[in-house]
Student: 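Before I ask anything, here is the structure I am working with.
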Amino acid sequence: MKHAKALRGRRRAVLAGGFAVVVAAAAGITATAFAGSADTSLSDDFEDGNSAGWSKSGGSWSVVADGTKVLRQSDAGSSLARQFAGDTGWTDYTFSAAVKAVSLTGDSAAAGIAARAGGAHQFDRLVLVPLGARLEEVRGSTVTVLGKVSLPSAADGWHALRVDVSGGTVSGYVDGVSVGSFRTGLTSGRVGLLTTAAAASFDDVAVTSLLGIPVTPSATLTATASATASPSATASASASASVSPTTSSSPTAPATSWPKATGTTTLTATKAVSGTFDGGNVEFIGGGDLGDGGQDEGQDPLFELADGATLANVIIGAPAADGVHCKGSCTLRNVWWLDVGEDAATFKGTAATQTMTVTGGGAMHASDKVFQHNGPGTFIIKNFQASDIGKLYRSCGNCSKQFARHVEISDVTVTAPLKTLAGINPNLGDTATITNATLIGGTAKNVCALFKGVTSGEPTQTSSVPDGVACAATGITLK
């Protein structure tokens with residue numbers, strides 16, 4: 001099925017005083033508050049060239065040209081890749097989208113749409129799978145197949161997917177063919193686009209309220225386009241970083257191979273570690289309260305390390321909750337994150353003499369940060385690799401209690417997408433020392449980001465390059 005663009009105009013609206021009010025078009029999503037009518041309540045055809053208004057959780061997403069502009073998740077190796085929009089208070093609606101599989105092979109491969117998403121791992125979903133389509137209910141690590149149909153062309157061309165959620169019933173349709181109607185225990189939630197061990201394109205997304213069915217009157221589209229700070233510093237990268245660009249034409253994966261899991265363990269409560277815990281390359285994932293896959297700040301971690309503890313040879317899968325918390329000096333040796341949740345690890349030290357050391361290991365798919373530094377002390381990252389991340393390291397920009405923090409990064413390889421290796425707050429006394437870093441697909445502006453740290457509100461970025469004082473970078477190789 002070849003899809004056609006039906007929606008060209010771009011507006012976003014929210015409910016204010018009972019009326020739909022048009023807001024600036026920067027978010028890229030057209031939306032109106034649910035009002036018990038059949039009017040479109042959310043739509044996006046990605047013709048504005050961005051995915052603003054959507055919230056990423058895993059995967060490698062970008063707007064690309066495929067006849068028209070579409071949103072594509074291109075990493076077929078990502079075990080879980082999702083984009084969410086809408087409001088958790090949405091109840092009864094129809095959600096439709098055009099979906100085209102780019103890579104759909106293997107027993108676990110799936111690509112489709114989700115409704116009533118209360119978290120990144122709780123929703124009803126309709127997905128294309130090899131030679132078929134399935135309607136499923138997902139609750140953490142438990143996936144229940146509600147219905148399925150044969151679809152020999154599932155991996156070829158565009159398909160129209162539609163999910164209706166009304167009261168305690170969920171119904172699914174593929175290319176107009178019913179997959180069935182079933183009981184569901186989920187009552188409300190956002191909408192989502194998703195892949196599992198697959199790559200796919202998405203287009204012509206639309207959400208409409210179901211005619212005559214009451215919905216939450218206060219539901220609004222809360223996602224907005226984020227403001228981009230204008231760097232005011234004029235320091236040049238060449239003055240403080242030794243950059244050795246090569247002629248590589250496209251990013252490639254780091255040479256170091258990732259370990260294969262020897263087994264899987266689900267943690268439904270945080271595992272406290274004192275002394276040394278060697279996981280033997282077992283993959284740990286979150287379940288229960290740790291298994292919703294959310295991106296909220298303040299989540300509990302899978303592992304909490306006491307002062308002086310060591311975590312070694314652990315693979316952290318998805319959902320990863322808030323990864324690892326370090327309460328004092330600690331060491332993470334050969335720890336691997338397959339799909340970073342909120343943060344991979346957070347240093348919550350209490351003294352300037354404490355050190356958190358990450359040696360070996362790697363991380364993939366961090367939409368924001370890999371390592372977060374909240375307490376005082378020094379954070380050391382060495383012999384590490386990462387791909388598809390926002391920041392490798394971030395000193396807290398708006399903690400209610402601030403400290404001078406220090407980071408030392410050496411012998412790391414990061415494959416773009418990448419925002420920056422280190423984000424620090426020089427006004428608070430932060431320093432960053434970066435040596436021997438290889439950026440595959442990166443630029444000199446991906447090395448250091450300098451911010452004005454605050455104790456409330458949002459920090460302001462002042463520079464996107466090393467200044468040679470607060471951030472000193474040497475041996476930076478761009479490929």
Side-chain angles (χ1 to χ4, degrees), residues 51 56-64 71-83 102-103 195 197-199 237 241-260 315-318 320 323 332 334-341 343-345 358-372 381-394 407 409-423 432 434-449 464-466 473-479:
S51 58
K56 170 190 168 183
S57 179
S60 180
W61 299 82
S62 60
V63 175
V64 301
L71 181 62
R72 178 169 294 171
Q73 199 295 105
S74 58
D75 184 2
S78 178
S79 58
L80 290 168
R82 295 131 295 176
Q83 289 272 10
V102 177
S103 174
T195 65
S242 174
V243 179
S244 309
T246 71
T247 56
S248 297
S249 59
S250 62
T252 57
T256 305
S257 61
W258 287 54
K260 183 177 181 180
I315 299 172
I316 296 179
L332 276 60
N334 296 328
V335 177
W336 305 82
W337 290 265
L338 302 182
D339 196 332
V340 175
D343 300 315
V358 176
T359 178
M364 294 189 289
H365 313 310
S367 59
D368 190 6
K369 311 171 295 292
V370 177
F371 299 118
Q372 174 76 17
I381 306 165
K382 58 186 179 180
N383 303 317
F384 193 81
Q385 61 179 299
S387 62
D388 183 23
I389 64 172
K391 304 174 184 70
L392 180 62
Y393 165 92
R394 179 66 170 108
V407 61
I409 300 173
S410 62
D411 300 304
V412 300
T413 299
V414 180
T415 301
L418 164 70
K419 292 181 180 178
T420 191
L421 288 178
I434 303 173
T435 57
N436 300 331
T438 299
L439 308 185
I440 302 176
T443 72
K445 290 186 177 181
N446 299 133
V447 177
C448 240
S464 60
V465 295
T474 59
I476 308 300
T477 301
L478 306 180
K479 290 187 176 182

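Both backbone and side-chain heavy atoms feed into the values below; hydrogens, waters and symmetry mates do not. Just so it is clear, the structure is predicted and the values come from calculations on it, not from any experiment. We number each residue from 1, following the sequence as shown.
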Student: OG1/T435 to CG/D411 distance, rounded to the nearest 0.5 angstrom?
Tutor: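 Rounded to the nearest 0.5 Å, the OG1-CG separation comes out at 6.0 Å.
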Student: Measure the OG1-CD1 distance between T359 and I381 for me, rounded to the nearest 0.5 Å.
Tutor: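 The OG1 atom of T359 sits 11.0 Å away from the CD1 atom of I381.
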Student: For H365 and D388, does a side-chain donor sit closer than 3.5 Å to a side-chain acceptor?
Tutor: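 The criterion, which ignores hydrogens and geometry beyond distance, is satisfied for D388 and H365.
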Student: How far apart are the closest heavy atoms of A363 and I389, and which atoms are they?
Tutor: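 Heavy atoms only, the tightest pair is O-CG2, 4.4 Å.
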Student: If you measure from CH2 on W258 to CG on L338, what distance do you get to the nearest 0.5 Å?
Tutor: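 Those atoms lie 6.5 Å apart.
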Student: Is there a side-chain contact (heavy atoms from CB on, under 4.5 Å) between N436 and S410? Walk through the geometry before answering.
Tutor: CA-CA 6 Å; N436 300 331; S410 62; 5.6 Å; no
Student: How close do L332 and A345 get, counting heavy atoms only, and between which atoms?
Tutor: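 What the structure gives for the nearest pair is CD2-CB, 4.0 Å.
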Student: Just so I know, are the side chains of L392 and I409 near enough to count as touching, which here means a heavy-atom distance under 4.5 Å?
Tutor: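 The answer is yes, as the side chains (C-beta and beyond) meet within the 4.5 Å cut-off.
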Student: Could you grab the distance from atom OG1 of T413 to atom CD of Q385, nearest 0.5 Å is fine?
Tutor: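 Interatomic distance, T413 OG1 to Q385 CD, rounded to 0.5 Å: 7.0 Å.
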Student: Between C448 and I434, what is the shortest heavy-atom contact and its length?
Tutor: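 Reported closest heavy-atom pair: SG-CD1, 4.1 Å.
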Student: Judged by atom type as modelled, is there a donor-acceptor pair below 3.5 Å linking the side chain of Q73 to the main-chain atoms of A198?
Tutor: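 Present.
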Student: Can you list the residues that meet the side chain to side chain donor-acceptor pair (under 3.5 Å) rule with Q83, with sequence neighbours excluded?
Tutor: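 Q83: no side chain to side chain donor-acceptor pair (under 3.5 Å) contacts found.
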Student: Taking all heavy atoms of L421 and all of V447, pick out the closest pair and write down the distance.
Tutor: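 Minimum heavy-atom separation between L421 and V447: CB-O, 3.3 Å.
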Student: Using ring-ring contact (aromatic ring centres under 6.0 Å, His included) as the criterion, list what pairs up with Y393, not counting sequence neighbours.
Tutor: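 Checked Y393 against ring-ring contact (aromatic ring centres under 6.0 Å, His included); matches are H373, F379.
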Student: List the steps and the verdict of salt bridge (Lys or Arg N to Asp or Glu O under 4.0 Å) for K369 and D343.
Tutor: CA-CA 6 Å; K369 311 171 295 292; D343 300 315; 3.3 Å; yes
Student: Indicate the atoms forming the closest heavy-atom contact of W337 with V340, along with that distance.
Tutor: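 Heavy-atom minimum between the residues: CB-CG2, 3.9 Å.
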Student: Which residues satisfy the side chain to side chain donor-acceptor pair (under 3.5 Å) test with R72, sequence neighbours excluded?
Tutor: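 Once residues adjacent in sequence are excluded, the partners of R72 under the side chain to side chain donor-acceptor pair (under 3.5 Å) criterion are D66, S201.
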Student: Specify the closest pair of heavy atoms between A416 and G441, including all atoms of both residues, with the distance to one decimal.
Tutor: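 The answer is CB-O, 3.6 Å.
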Student: Evaluate S78 against D339 for side-chain contact (heavy atoms from CB on, under 4.5 Å), listing each step before the verdict.
Tutor: CA-CA 7 Å; S78 178; D339 196 332; 3.9 Å; yes
Student: Taking C-beta and beyond as the side chain, do W336 and P259 meet within less than 4.5 Å on heavy atoms?
Tutor: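 In contact.
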Student: Donor-acceptor pair, distance only, cut-off 3.5 Å: does the side chain of N446 make one with the backbone of K419?
Tutor: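 Side chain of N446 to backbone of K419: a pair is present.
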